[in-house]
Amino acid sequence: MIDECDAGVPAHFSFYDNANFRFQNTEYYPVFQVKLMKKLLDLSDLESANIQQAMSWAFYFEGERYFEGTRAFLTADRIEKPLLNAYRLLSHLGETRVEATSDVAHGVELLDQAGGRAMPEEVDVLASRDSDGRIVTALWRHTDDQYRTADAPTPVALTVRGLEAVAYRLTHHRIDAEHSNSHTVWESLGSPQVPSDEQLAQIHAREGLEELTAAVDVTASAEGTLELTLELPLPSVSLLVLEEAR
């Protein structure tokens with residue numbers, strides 16, 4: 001069991017103590033957390049560590065300001081921060097991990113070579129399969145520098161092989177600056193510390209894991225292969241769910 005398995009700083013330190021702690025409010029953190037969980041699984045396989053659980057360490061501070069930036073899943077008025085959506089996304093992964101590789105990932109076998117340097121930008125993947133044929137894939141684009149963004153999203157080609165059916169229903173959820181992000185909504189409203197009821201309603205409405213696009217029907221080839229394309233801003237994580245069409 002891995003305790004305090006997150007990038008959090010001392011619990012009561014906030015954005016107002018150090019502006020670098022802003023990441024605890026933003027989309028950077030949930031994408032990092034998904035990436036971290038995949039690295040843990042890979043390390044467990046590489047080192048035969050038998051990791052079974054990984055826990056965060058967080059608090060709810062009564063009386064703090066909105067998006068104080070402390071080590072918490074919630075901020076004032078019990079607004080859910082984007083970090084909580086990382087766990088919602090991970091909860092969709094299924095019973096059995098399946099092989100999934102990326103040609104632009106930074107493997108855990110390279111971590112000992114870092115010499116204190118940050119990990120480079122990567123696009124990586126984690127996938128699962130349920131007994132009913134449901135395929136769930138998490139895809140993310142991330143770099144260690146929380147201040148680094150990109151002028152344009154990067155195109156990603158995803159190939160799924162070994163499908164047993166032909167017709168599937170595809171759903172696509174996303175965490176990024178514009179989706180599943182209560183903090184972005186709060187900032188767009190002028191970062192109010194005395195928000196109106198209407199403003200609070202707007203913020204709460206964007207707390208959960210949001211669909212990037214409406215569900216669509218897709219068709220695999222006769223050989224059981226499906227080709228998908230998507231674009232990932234920096235940072236972001238997508239959840240793709242394939243369910244056999246009924």
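Partner of Tyr29 under the ring pair (Phe, Tyr, Trp, His ring centres under 6.0 Å) criterion, chosen from Tyr87, Phe23, Phe73: Phe23. Checked against Leu234 for a side chain to side chain contact (heavy atoms under 4.5 Å, CB included), the options Thr154, Thr143, Asp145 give a single hit: Thr143. Among Leu209, Leu90, Leu239, Val34, the one residue that satisfies the side chain to side chain contact (heavy atoms under 4.5 Å, CB included) test with Asn85 is Leu209. Each of Glu164, Glu244, Glu95, Glu243 was scored for a salt bridge (charged side-chain N to carboxylate O under 4.0 Å, His left out) with Arg129, with one residue passing: Glu164.
Remark: the backbone N or O of Ser196 is paired with a side-chain donor or acceptor of Gln199 at under 3.5 angstrom. Between the side chain of Ser56 and the backbone N or O of Ala58, no donor-acceptor pair lies under 3.5 Å. Judged purely by atom type and a 3.5 angstrom limit, Ser128 has no side-chain atom pairing as donor or acceptor with the backbone of Leu93.
In summary, Asp144 and Arg117 do not engage in a salt bridge, as defined by a charged side-chain N under 4.0 Å from a carboxylate O. Using a 4.0 Å cut-off between charged side-chain N and carboxylate O, Asp132 and Arg134 make no salt bridge. Ionic pairing of Glu122 and Lys39 is present here: one or more N-O contacts between side-chain nitrogen and carboxylate oxygen are shorter than 4.0 angstrom. Arg88 has a carboxylate O that lies under 4.0 Å from a charged side-chain N of Glu80, or vice versa, which qualifies the two as a salt bridge. Ion pair Lys35/Asp124 not flagged as a salt bridge, since none of the NZ, NE, NH1 or NH2 atoms sits closer than 4.0 Å to an Asp/Glu carboxylate oxygen.
In Glu99, the CD atom is not crowded: 12 or fewer heavy atoms of neighbouring residues, nucleotides or ligands sit closer than 6.0 Å. By the 6.0 Å contact criterion, CG on Asp77 is enclosed, its count of non-hydrogen atoms from other residues, nucleotides or ligands being greater than 12. With a 6.0 Å radius and a threshold of 12 heavy atoms from other residues, nucleotides or ligands, Arg97 has its CZ atom above the threshold.
The side-chain tip of Arg78 points at the ring of Tyr60 from less than 6.0 angstrom away and within 45° of straight on.
A 4.5 Å side-chain heavy-atom check between Leu83 and Gln24 finds every atom pair outside the cut-off.
When every heavy atom of Ser44 is checked against every heavy atom of Asn50, the shortest pair comes out as OG-N, 3.2 Å.
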